[in-house]
Every structure is written in C-alpha cells, then in structure tokens.
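Since the model is a prediction, treat every value here as computed from it, not as a measurement. Just the heavy atoms: all of them, side chains too, but no hydrogens, waters or symmetry mates, feed the values below.
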Amino acid sequence: MPKILHLLLPAAALLGGCRQCIDWTNNKQMDPGVEAMAAQPGSFFCYLKDKEPGFCLVTRRAMIWDMPGWNLGYWRGLHPKPPHRVLMEARGDILILHRKFVWDGMTYGTTRPRDVLTTLLHDVQYHSLKAGSRISRRTADRIFICQEKEAGTRACWLGYILLRTFGGLFAKPADPPTMLIEWTTPDTPPAPVEQDDGKPVKGW
C-alpha cells in the first residue's frame with residue numbers, strides 16, 4: 001500500500017460517509033449492531049446491504065436537530081430532479097432532514113451503532129456544502145466532533161485536526177449537482193414533513 005494511504009486512511013476513518021465517496025481499500029464494514037438497530041420496530045433508518053456500490057443506510061422518517069448556538073442560515077436543499085422534493089432544511093439553529101436520505105456511515109473502517117447519528121448529521125451538512133449552503137465546514141466538523149465525544153469516541157482532538165486537514169476533499173461542489181439550494185428567510189414556513197408509512201425505503 002502506498003505510504004500516502006497510510007496517512008490518509010486514519011483521517012478517512014473519522015470522516016462522515018457520503019454517497020459519492022470512493023472506497024479506497026474496500027475495507028468499509030458495518031458492525032452487526034447497526035443492522036440489528038435497523039431491524040428494530042420503529043427504527044429511524046433502513047439498512048440496504050446490497051445497494052450499489054456497497055451497503056448504505058436510508059432514513060425512514062424526518063430527523064430534526066435543535067442546535068442552540070450554531071447558526072446554519074436559512075435555506076432548503078431540493079432534489080435536483082423534478083418535482084424537486086425537499087431533502088433538508090436549515091432554519092437558524094434548527095436543521096431538518098426529510099425522509100429517504102442516503103448515507104454510508106464512516107468513510108473508512110467499521111461503522112458502529114454509536115456512529116450512526118454522528119455520521120448522518122455530518123454527511124447531511126457536507127452534502128449541503130457540496131450544493132453551496134452557507135453552513136461553514138468548520139461548523140460541520142466541530143458539531144461532528146462534539147457529537148463523537150458525547151458518544152464516547154476517543155482522541156476527538158485528533159479527529160478534529162484530521163477533519164480540518166482532509167475534510168475539504170469531501171465538500172467540493174458536485175457535478176452534476178446532487179442537490180439544489182433554495183434560499184429562505186425566518187418568515188418562510190417550513191416544508192411539510194412526510195410521515196413514515198412503515199414501508200421499506202429504497203433511497204432517493
């Protein structure tokens with residue numbers, strides 16, 4: 001293995017997964033506990049084991065994060081193809097993720113149950129960065145590390161340094177775009193939230 005990969009892989013292990021990421025070494029793994037979480041009644045996500053190019057996770061219902069002190073701006077992320085359904089929405093210090101968002105956990109290494117929510121939120125923010133949202137990458141990385149620390153992950157300070165060093169590789173604009181940004185204001189009503197219908201979710 002080239003020496004550069006030995007330097008990059010530890011960084012990748014701490015990065016939230018994104019759908020277009022390249023699996024450099026085919027060493028991505030899903031802890032059995034994650035699959036067990038997905039199989040539980042009322043789980044907020046599905047586990048698609050055989051989804052190309054590899055396994056992925058898909059949200060079954062809307063997720064809402066209330067993050068006092070973090071200014072995320074006011075915007076909506078729309079699916080690039082008609083009818084341009086809303087994928088996510090930022091309202092100041094509130095971030096709303098709608099159903100059927102696809103992510104693949106940790107970019108490298110094993111995704112464990114404690115990583116499911118942290119990688120989801122980080123991937124959502126990086127996805128918005130790729131589309132041109134006004135969330136700063138520094139903010140996204142700091143939120144991720146704070147959550148990882150709360151989840152009991154060690155060496156969070158090192159993780160933050162690695163994210164700041166290598167994270168830009170995963171936040172470059174997508175071509176063609178995978179999401180369109182629509183700017184809103186505090187007076188813009190939030191988009192209706194689609195309810196979980198209990199059926200398997202195949203992604204977007």
Side-chain angles (χ1 to χ4, degrees), residues 5 8 11-28 30 45-65 72-91 94-108 111 116 118-141 143-144 163-185 188 190-194 199-204:
L5 284 183
L8 291 176
L14 292 168
L15 293 175
C18 60
R19 197 179 181 194
Q20 290 76 27
C21 288
I22 298 174
D23 181 9
W24 291 324
T25 64
N26 295 319
N27 197 34
K28 288 174 62 65
M30 190 69 69
F45 68 97
C46 294
Y47 174 48
L48 305 184
K49 187 174 184 178
D50 300 319
K51 181 77 172 180
E52 292 295 335
F55 58 74
C56 63
L57 309 170
V58 188
T59 55
R60 295 183 62 108
R61 63 171 183 264
M63 306 290 295
I64 301 176
W65 289 277
L72 308 177
Y74 289 85
W75 50 268
R76 287 175 180 168
L78 309 177
H79 195 288
K81 297 180 181 180
H84 303 298
R85 71 179 182 85
V86 179
L87 300 174
M88 61 184 73
E89 184 171 10
R91 301 183 60 80
I94 296 175
L95 183 61
I96 304 170
L97 175 66
H98 291 256
R99 292 185 68 219
K100 298 190 286 187
F101 183 83
V102 180
W103 84 111
D104 62 359
M106 303 297 278
T107 300
Y108 174 84
T111 300
V116 172
T118 56
T119 57
L120 171 60
L121 178 55
H122 194 249
D123 197 37
V124 168
Q125 293 176 92
Y126 264 52
H127 194 89
S128 76
L129 281 170
K130 292 165 70 72
S133 78
R134 291 173 182 161
I135 292 179
S136 73
R137 187 166 69 83
R138 181 183 297 273
T139 295
D141 294 344
I143 291 173
F144 176 73
L163 279 173
R164 299 304 304 145
T165 302
F166 299 106
L169 298 173
F170 299 88
K172 294 181 179 180
D175 186 21
T178 56
M179 188 169 70
L180 306 176
I181 294 294
E182 177 185 80
W183 304 109
T184 61
T185 70
T188 304
V193 175
E194 184 181 2
K199 299 179 181 179
V201 179
K202 297 181 180 181
W204 60 279

State, to 0.1 Å, how close Trp183 and Tyr74 come at their nearest heavy-atom pair, and which atoms those are.
CE3-O, 3.8 Å
What are the two closest heavy atoms between His98 and Thr59, and how far apart are they?
O-OG1, 3.5 Å
Roughly how far, to the nearest 0.5 Å, is the CG atom of Leu72 from the CD atom of Glu89?
11.5 Å
Apply side-chain contact (heavy atoms from CB on, under 4.5 Å) to Lys100 and Arg85, showing your working.
CA-CA 11 Å; Lys100 298 190 286 187; Arg85 71 179 182 85; 3.5 Å; yes
Would you check, one step at a time, whether the test side-chain contact (heavy atoms from CB on, under 4.5 Å) holds for Val116 with Tyr47?
CA-CA 11 Å; Val116 172; Tyr47 174 48; over 6 Å; no
Verify side-chain contact (heavy atoms from CB on, under 4.5 Å) between Leu120 and Leu97, making sure each step is shown before the conclusion.
CA-CA 10 Å; Leu120 171 60; Leu97 175 66; 3.7 Å; yes
How long is the gap from CG on Leu87 to CD1 on Ile96, to the nearest 0.5 Å?
13.0 Å
Within the side chain of Glu182, is there an N or O that forms a donor-acceptor pair under 3.5 Å with the backbone of Leu78?
no
Approximate separation, where rounding is to 0.5 Å, of Asp104 CG and Thr119 OG1
8.0 Å
Take Met30 and Thr111, measure what side-chain contact (heavy atoms from CB on, under 4.5 Å) needs, and give me the verdict at the end.
CA-CA 5 Å; Met30 190 69 69; Thr111 300; 3.7 Å; yes
Between the main-chain N or O of Ala62 and the side-chain N or O of Arg99, is there a donor-acceptor pair closer than 3.5 Å?
no
Find the distance between CG (Leu95) and OG (Ser128) and round it off to the nearest 0.5 Å.
7.5 Å
Side chain to side chain, Phe101 and His127, heavy atoms closer than 4.5 Å
yes
Looking at every heavy atom in both Val86 and Arg76, which two are closest together, and how far apart are they?
CG2-CD, 4.4 Å
Determine the sole option in Ile181, Thr188, Thr185 for which the side-chain contact (heavy atoms from CB on, under 4.5 Å) test with Trp75 is passed.
Ile181
